[in-house]
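Take a look at the structure set out below.
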Amino acid sequence: MALLNITSPHTHGANRTGRIMRLVVYATFPGIAALTHFFGIGVLINVFLASITCLAFEAAVMKLRQRPIMFYLRDCSALVTGILIGVSLPAYCPWWLVISASFIAIVLAKQLYGGMGFNPFNPAMVAYALLLVSFPLQMSAWPTPLPLLSDGQTTPSLVAALEKIFFGTHIDGYSSATVLDIMKQNAGLTLDDLYKKEAVFNGRWAGAGWEWVNIAFLIGGIYLLYKKVFTWHAPISMLAALAIMATLFYDSGSSNSSGSPIFHLLSGATMLGAFFIVTDPVTSAVSNKGRVIYGALIGVLIYVIRSWGTSYPDGVAFAVLLLNFAAPFIDYYTTPRTYGHKKPRRATDSTPRDGH
Amino acid sequence: MIDVILQNPILSALLALGGLSAAFGAILGFAAVKYKVDGDPLVERIDALLPQTQCGQCGHPGCKPYAQAIVNGEDINKCPPGGQATINALADLLDVPAPSLDTEHGEYSEVKKVAFIREEECIGCTKCIQACPTDAILGAAKQMHTVIADECTGCDLCVEPCPVDCIDMIPVQTDLNAWKWTLPTTNQKPLFHVVANELNLIASDRRNSDDEKAA
Amino acid sequence: MTSLTRVWDIPGGIHPPENKNQSLQLPLGEIPLPPLLVIPLNQHMGTPAQPVVQVGDSVLAGQLIGAADGTFSANTHASTSGTVIAIEDRAIPHPSGIAAQSIVIQPDGLHAWIEKEECADFRALDRLELLDKIRAAGVAGLGGAGFPTAVKLAPKSTQVIDTLILNGAECEPYITADDMLMQVRANELIAGTLLLSHILHHPEKLLIGVEDNKPKAIAALKMAIAAAAVTDPEAKKIQVVSFPTKYPSGGAKQIIQILTGRETPSGHHSADIGVICVNVATAVAAWRAVRYGEPMISRVTTIVGEALQTQRNIDVLFGTPISYVLEQHGFDANRASRVVMGGPMMGFTLLDLDAPVIKTTNCILAPGKQELPPPAPAQACIRCGLCAEVCPVSLLPQQLFWYAQAEDFDRLETHNLFDCIECGACSYVCPSSIPLVQYYRAAKGSIRQQEIEKEKADRSRQRFEFRQARIAKEEAEKEAKRLLRQKAAEEAKKKLAEKTIATSEPLEALATTTDIVAAAVAKASAVQISADEQKIKLERMVNAAKSTLEFAQKPLVPNKTNPVISEEQLVKQQVRVKQAALKLAEAEKKLADFIATQPELAAPEPLPTATTPAVATTTAIDDPIAAAIARAQAKLAISPADRIRSNIESLHSRLAKAEERVAEAKADGSINVAALQQGVDKLREKIAETEAQLTEPGANEPVAVKAEKTAAQIAIEKARQKATAMANKSDGQKRAEQIQALQLRLQKARERLAQAEAENDPNIEAFRLGVTRLEEKLNEIA
């Protein structure tokens with residue numbers, strides 16, 4: 001036995017960063033499965049490519065920074081980033097888009113700020129937003145979901161998908177607008193008319209395919225909540241705020257309407273954002289109170305961008321990035337009151353302490 | 001006259017600007033007289049940051065004179081006993097970039113020291129008493145002297161004048177009250193070897209020297 | 001008596017595995033007397049006790065061996081009968097591993113007690129007497145902090161205590177000492193509660209707080225209350241409150257919050273909000289101290305961990321080495337990952353297993369390697385916020401961590417670092433395994449250290465400024481006196497001028513003139529006397545330098561008749577140009593003496609006769625005075641170069657004097673020869689220096705300044721020069737320089753030693769030691 005001099009506590013909970021990240025990875029599986037079901041093998045190729053490149057970039061930077069590579073790869077944070085990039089980029093998008101996204105996320109947004117824990121912005125969202133403004137065409141070219149394909153047609157085969165991704169070979173019936181695109185461009189039709197006109201709305205609640213993708217991510221999120229990987233505060237308040245905004249501005253389907261609450265909750269990247277982006281501990285507010293505010297503001301912003309923004313149909317990435325800016329500010333105003341103190345002390349207060 | 005001014009835009013602009021500067025100058029001048037600050041609180045504030053060893057290594061006979069000199073534009077990196085911490089604090093106060101310690105004036109020592117007189121060797125010459133800037137040495141002519149350890153700043157000024165070389169600077173011992181935990185550091189040597197390498201993995205941009213040797 | 005009392009919740013908290021069953025399988029045990037007891041004198045919080053026994057004394061169990069030193073201290077008693085074999089620094093259980101003064105007792109195996117003073121009815125005694133008994137018994141908090149109990153039980157008159165809480169929460173994993181105690185000594189605990197209630201003027205509420213994972217203890221307590229209520233109605237007031245198990249509900253502040261809903265304001269004691277919280281074991285100890293007059297010499301301690309064969313609670317004597325306790329329980333060092341005193345959450349690792357059990361040892365934990373593995377490597381903080389969620393005092397552990405890392409102490413204080421109770425919940429949940437508590441402890445230590453240093457710096461500043469003021473005052477006084485004398489001299493001159501006019505008048509006025517002259521002489525001598533007095537006064541005021549001056553003057557007396565000396569005396573007078581006024585009277589007196597004893601030289605007869613013209617007489621008297629005046633004026637008017645010259649002159653004469661002194665000292669066999677010789681050497685150096693400066697053009701000013709420097713300033717100057725020189729050199733050069741300097745010093749020291757040997761100096765040993773030291777130093781460097 002060695003007599004070691006280490007400070008208490010001597011025991012430690014089972015929680016580890018690596019474990020948290022692995023659970024997050026597992027929780028994305030339903031969502032990935034749903035995406036793959038509706039959009040085909042391209043989603044898996046995206047996820048695979050993004051994960052590999054993210055891990056590679058992470059390893060390369062670790063090598064440059066002279067850190068133990070495996071130790072840092074084991075925390076799985078790069079893998080999570082890779083998966084999130086994979087699911088947020090359109091399936092069958094060009095390979096260089098995926099690799100650029102990985103580079104931006106890992107090298108620019110994460111490691112240049114000091115690596116894990118030091119990045120002020122969510123890496124996957126930085127990559128997504130940067131590519132969206134740089135390559136709007138490629139970034140909004142989502143393939144047609146399975147239910148809308150004409151009879152006999154299936155999602156592209158592996159070979160077709162690889163050809164499309166690496167050589168840009170055209171695939172028939174490849175691309176179609178998403179519900180959010182159509183909603184955005186709609187001018188004049190009432191929702192009922194719109195729903196009749198556009199096949200894409202041909203779903204149960206919020207458009208073909210996408211509603212199931214969102215439900216799948218919701219299931220993953222509930223699993224994470226159950227596993228106590230994060231608290232309910234940020235995701236639930238985000239969803240609630242989005243729903244409240246949509247309810248407030250829902251006028252039973254006039255031509256100016258931007259959709260029902262259920263439509264907003266189950267379309268676009270709502271659930272992915274709520275449970276996998278907003279909950280990113282590194283870039284969100286710290287206290288529970290702060291997280292409620294953080295989540296709610298993201299929810300409001302998503303609705304604002306979707307409904308009244310001029311160019312982008314979905315606003316999760318921008319809303320999250322804007323609130324990443326605001327997180328320290330929220331933290332500042334949500335300092336808890338310490339035991340034995342009358343009121344919370346702000347970081348900038350310079351009153352002398354009461355004694356110790 | 002007014003017509004001329006109005007018709008000549010350059011002239012009117014000049015007049016307006018001149019008038020404004022005269023007015024603001026007058027206000028500033030008045031404020032300078034009215035709100036004149038007596039004394040120099042900055043000297044006090046700088047003095048408060050200096051370690052008060054009164055060792056004179058900065059070239060001034062004490063900390064206060066050095067504080068005054070800093071106000072008069074002297075460098076802030078001439079205080080070896082204070083080390084980098086003092087320099088940083090001074091830089092912070094004066095809002096200037098923190099230079100590194102000017103080793104021309106001596107080197108920083110982590111270990112605090114106090115003077116100790118080997119009393120059986122002291123011949124009672126009072127020379128050290130005269131040299132001590134904080135009156136921390138007790139004694140009289142031809143009586144042995146002793147250092148009040150609590151008051152000694154470790155300035156070293158008494159060692160040289162001693163004719164029988166009976167003054168030692170000894171490091172201050174850490175007792176139970178002064179002991180404190182240290183920050184967990186990356187190059188800390190843990191007492192057990194199994195996880196030693198892993199323990200050093202706390203994210204750091206610096207590789208410790210052992211790693212470099214190994215590499 | 002029931003659990004109907006409302007309980008509040010505390011924020012945060014964790015539920016680590018309890019691990020309490022292992023040590024509860026066996027009944028409370030005891031171990032044989034160890035071969036040696038080591039009883040530290042600071043087992044409590046506060047000042048260490050002072051030993052009151054000597055080595056070789058034989059002591060009885062319960063005998064006072066360390067007396068409390070002040071209020072915040074506690075008595076220490078011998079745990080068994082035996083002999084004191086040492087009072088020395090021994091390993092104590094402390095995270096630092098620093099040894100501290102302890103009394104080592106060799107037991108005689110009899111365990112003979114001192115005579116105990118029993119007390120059947122504590123209510124018959126005055127509260128202060130009861131407190132005295134508790135204090136005398138050395139009762140200190142057994143929960144972990146070791147706060148002297150008598151101090152806690154004597155709140156200020158302004159603090160009205162309405163609630164007494166007996167803390168039996170014991171929220172730390174593994175520890176069951178209080179649980180066991182409540183089970184087997186429930187009756188004593190109830191009696192102790194009533195005793196404390198009596199001392200605290202019967203507070204409204206008497207609560208025993210126990211976590212709900214100790215059903216046996218709760219049942220035992222309820223039975224004991226029922227039994228006690230038969231004889232003592234107050235016992236009915238005691239409520240056993242069980243509350244949900246959660247770490248760290250056993251912290252004093254936390255259990256107060258749970259049981260009363262009140263928070264102790266930061267920086268205050270719980271007594272300020274009317275609550276006193278005492279550990280259950282402490283209450284039992286207080287009861288035993290009063291009832292049986294039994295000092296605290298043992299406690300119930302949990303011995304637990306997979307590295308042990310037997311895991312149980314034992315009643316163990318203070319001072320029993322932990323290694324012995326472990327040995328008695330089948331400790332296997334190879335299986336243990338560490339040995340912890342206290343629980344796994346707040347205990348500390350022992351660096352020396354020979355450290356003894358003390359008052360605060362509630363648990364000795366010897367976990368196996370699987371049980372409590374070494375800490376995992378720390379990863380970067382991912383800001384997950386779990387730490388803030390579990391913090392029982394609602395701090396922001398994450399922010400504290402950042403600021404502790406950056407050593408931003410101001411921010412740490414505004415984030416209430418000092419409200420941290422170091423419970424370790426944040427480190428426990430941290431997914432990145434960051435040793436948060438260590439950061440906080442280090443930061444707290446640094447802040448405290450900084451405060452102490454600041455206080456010390458303020459004190460040195462004060463002392464320095466006071467010294468400066470004192471030196472300035474001395475200078476000012478000297479200056480004032482000088483001015484006074486100058487004024488007196490001028491007045492005398494004026495008078496003489498008047499007299500000269502008078503003497504130029506007709507001869508018939510001669511008689512009158514002579515009178516006037518006589519008056520002037522009288523006045524002049526009066527001036528002399530007063531100056532002399534001043535000089536003596538000054539001599540007393542100024543230190544040793546003055547006495548040596550007188551000392552040096554003595555040898556002149558037997559040589560008075562020798563005309564050669566007169567020249568020397570003249571030189572001396574020149575010396576006094578520097579301190580003209582001070583030495584004026586003395587010089588004149590000597591001159592007068594000289595003239596009196598050397599009539600052939602006294603051509604200008606000092607004393608007036610009928611034949612000599614009065615003018616001559618006047619001049620004779622005038623002479624020394626006028627000369628002094630002239631010198632004083634000259635001194636005021638001299639150019640810097642002249643000043644240096646006069647400096648040199650004065651230095652020369654000082655040198656001459658110093659040499660004389662050395663000779664004198666040698667003749668007398670004085671012990672100070674060496675120091676004096678050093679002085680001579682230094683003077684010589686100084687002369688050379690000054691002369692060099694004189695030849696240097698433009699160097700005049702600094703010299704003038706330098707001449708006024710104090711010894712400290714000169715030392716500063718030297719230190720600075722040395723430092724500058726050092727900085728300009730490479731390390732090698734520096735070392736060479738150092739060696740050279742040391743060699744020089746060594747050479748000097750050797751010379752001194754040789755001299756001392758030659759003269760049979762009483763300080764010879766000191767010199768010899770100095771030489772060997774220097775040699776050692778030199779060897780070290782070279």
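Since we're looking at a predicted model, the values are computed, not measured. Just so it is clear: chains get the letters A, B, ... in the order the sequence lines come, proteins before strands, and each one is counted from 1.
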Next item on the list: Side-chain contact test, heavy atoms from C-beta onward, threshold under 4.5 Å: evaluate it for B:Tyr66 versus B:Cys79 and give yes or no.
Entry: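 Side-chain contact under 4.5 Å: yes.
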Notebook entry, point to check: Mind checking whether B:Lys180 and C:Ser446 have side chains closer than 4.5 Å, heavy atoms only?
Noted result: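 Of all side-chain heavy-atom pairs linking C:Ser446 with B:Lys180, at least one is under 4.5 Å.
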Check: Can you pull out the residues in residues 144-152 of chain B with any heavy atom less than 4.5 Å from chain C?
Finding: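 B:Ile148, B:Ala149, B:Asp150, B:Glu151, B:Cys152, listed by number.
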Checklist line | Closest non-hydrogen atom pair between B:Gln57 and B:Pro81, with its separation | finding: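 Nearest heavy atoms, B:Gln57 then B:Pro81: NE2-CG, 3.9 Å.
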Item checked: Where at least one partner belongs to residues 48-69 of chain B, residue pairs that pass salt bridge (Lys or Arg N to Asp or Glu O under 4.0 Å), sequence neighbours excluded ->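 As it turns out, the salt bridge (Lys or Arg N to Asp or Glu O under 4.0 Å) pairs with a partner in residues 48-69 of chain B, which skip direct neighbours, are B:Glu44-B:Lys64, B:Lys64-C:Glu465.
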Margin query: Is it true that B:Gln54 and B:Gln52 share a donor-acceptor pair across their side chains at a distance under 3.5 Å?
Written below: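 Yes, because at least one side-chain N or O of B:Gln52 sits under 3.5 Å from a partner of the opposite role on B:Gln54.
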Check: Does the side chain of B:His60 pick up a donor-acceptor pair with the side chain of B:Glu74 at under 3.5 Å?
Finding: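 Yes, side-chain donor-acceptor contact under 3.5 Å.
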Item checked: Which portion of C:Ile452 sits near chain B, non-hydrogen atoms under 4.5 angstrom ->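 For C:Ile452, there is no contact with chain B at all, as no heavy atom is under 4.5 Å.
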Next item on the list: Before accepting this row, confirm whether a basic side-chain N of the pair B:Lys112/C:Glu453 lies closer than 4.0 Å to the acidic partner's carboxylate O.
Entry: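 Judged by the 4.0 Å cut-off on N to carboxylate O distance, B:Lys112 and C:Glu453 do not form a salt bridge.
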Notebook entry, point to check: Any idea how C:Phe348 and C:His94 line up, ring-wise: parallel (<30°), tilted (30 to 60°), or perpendicular (>60°)?
Noted result: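 It falls in the tilted class, 30° to 60°.
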Check: Between B:Asp47, B:Asp165, B:Thr134, B:Asp135, which has the largest tally of heavy atom pairs under 4.5 Å with chain C?
Finding: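 Winner by heavy-atom pair count: B:Asp135.
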Note to self: Less than 4.5 Å to any heavy atom of chain C: does that hold for the side chain of B:Ala85, its backbone, both, or neither?
What the structure shows: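 For B:Ala85, there is no contact with chain C at all, as no heavy atom is under 4.5 Å.
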Checklist line | Toward chain C, the part of B:Asp102 with a non-hydrogen atom under 4.5 Å | finding: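 Neither part.
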